[in-house]
Amino acid sequence: MRMNKKGVISTPIKLLMISVILIVSFPIMAGALESGEKTMDVNTMENESRRIADAASSVYYSVNGATRTLEVNIPDGCRIVIGGKGDDAFAIHMYCNGKLSSEHWMEKPIIPFSDITEISGTRTLSISFSDGATEVRVI
């Protein structure tokens, strides 16, 4: 490999251009990674809320007083709120970093939750149906 004037001058310029490209692209890559993590968290919570809704439907169609146990895993910084007042009694709300990210409504069957239950982290739930409402308790 021969060194000449052209090689000595162009090498630092090439290194500078590569550095500029890396510096400019790093925030874009970091933002894409963070967005991907948020999407994964929301998808995980939607899957968990679907499992809770399926368990609620299962106990509804079972004998009155039937109970089902379910373990859920909610990502860090996220929480699920089951039930509420008024129309929210039929909903499962999913929050991530304090913001509402998604909702799941009980449609078939249309059954309310008896109380408000908030879930975060890994928890075991006891789900039962009696007196026309589904009760979800953290064990």
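Here, residue 1 is the first one in the sequence, and each next residue gets the next number.
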- Task: Apply ring pair (Phe, Tyr, Trp, His ring centres under 6.0 Å) to Phe90 and list each qualifying residue two or more places apart in sequence or on a separate chain.
- Result: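 None.
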At what distance, to the nearest 0.5 angstrom, does [atom1] of [X] lie from [atom2] of [Y]?
{"X": "Leu16", "Y": "Ile13", "atom1": "CG", "atom2": "CD1", "answer": "8.0 Å"}
{"X": "Cys96", "Y": "Ile80", "atom1": "SG", "atom2": "CD1", "answer": "10.5 Å"}
{"X": "Glu135", "Y": "Thr117", "atom1": "CD", "atom2": "OG1", "answer": "8.0 Å"}
{"X": "Ile52", "Y": "Ile82", "atom1": "CD1", "atom2": "CD1", "answer": "4.0 Å"}
{"X": "Phe129", "Y": "Ser57", "atom1": "CZ", "atom2": "OG", "answer": "10.5 Å"}
{"X": "Ile110", "Y": "Tyr60", "atom1": "CD1", "atom2": "OH", "answer": "9.5 Å"}

In short, Ala56 meets Ile111 closest at the heavy-atom pair O-CD1, 3.8 Å
Nearest heavy-atom approach of Gly83 to Ile116 is C-CG1, 4.1 Å
With sequence neighbours left out, write down each residue that passes side chain to side chain contact (heavy atoms under 4.5 Å, CB included) with [X], or none if nothing qualifies.
{"X": "Thr122", "answer": "Glu71, Asn73"}
{"X": "Glu46", "answer": "Val42, Asn43, Arg50, Met94, Ser102"}
{"X": "Ala89", "answer": "Pro112"}

#### Entry: CZ (Arg51) with more than 12 external heavy atoms under 6.0 Å
yes
Contacts of Arg123 meeting side-chain hydrogen bond (donor to acceptor under 3.5 Å, both in side chains) (sequence neighbours excluded), chain-then-number -> none
- Task: Indicate, with yes or no, if Met106 and Val59 share a hydrophobic cluster defined by side-chain heavy-atom contacts under 4.5 Å among Ile, Leu, Val, Met, Phe, Trp and Tyr.
- Result: yes
State whether the side chain of Ser58 and the backbone N or O of Asp54 hold a donor-acceptor pair below 3.5 Å, judged by distance alone.
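Side chain of Ser58 to backbone of Asp54, a donor-acceptor pair under 3.5 Å: no, none is there.
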- Are Val138 and Leu125 close enough that some pair of their side-chain heavy atoms sits under 4.5 Å apart? yes
Which side-chain hydrogen bond (donor to acceptor under 3.5 Å, both in side chains) pairs, counting each pair once, include a residue from residues 83-100, with sequence neighbours left out?
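For residues 83-100: Asp88-His93, His93-Glu103.
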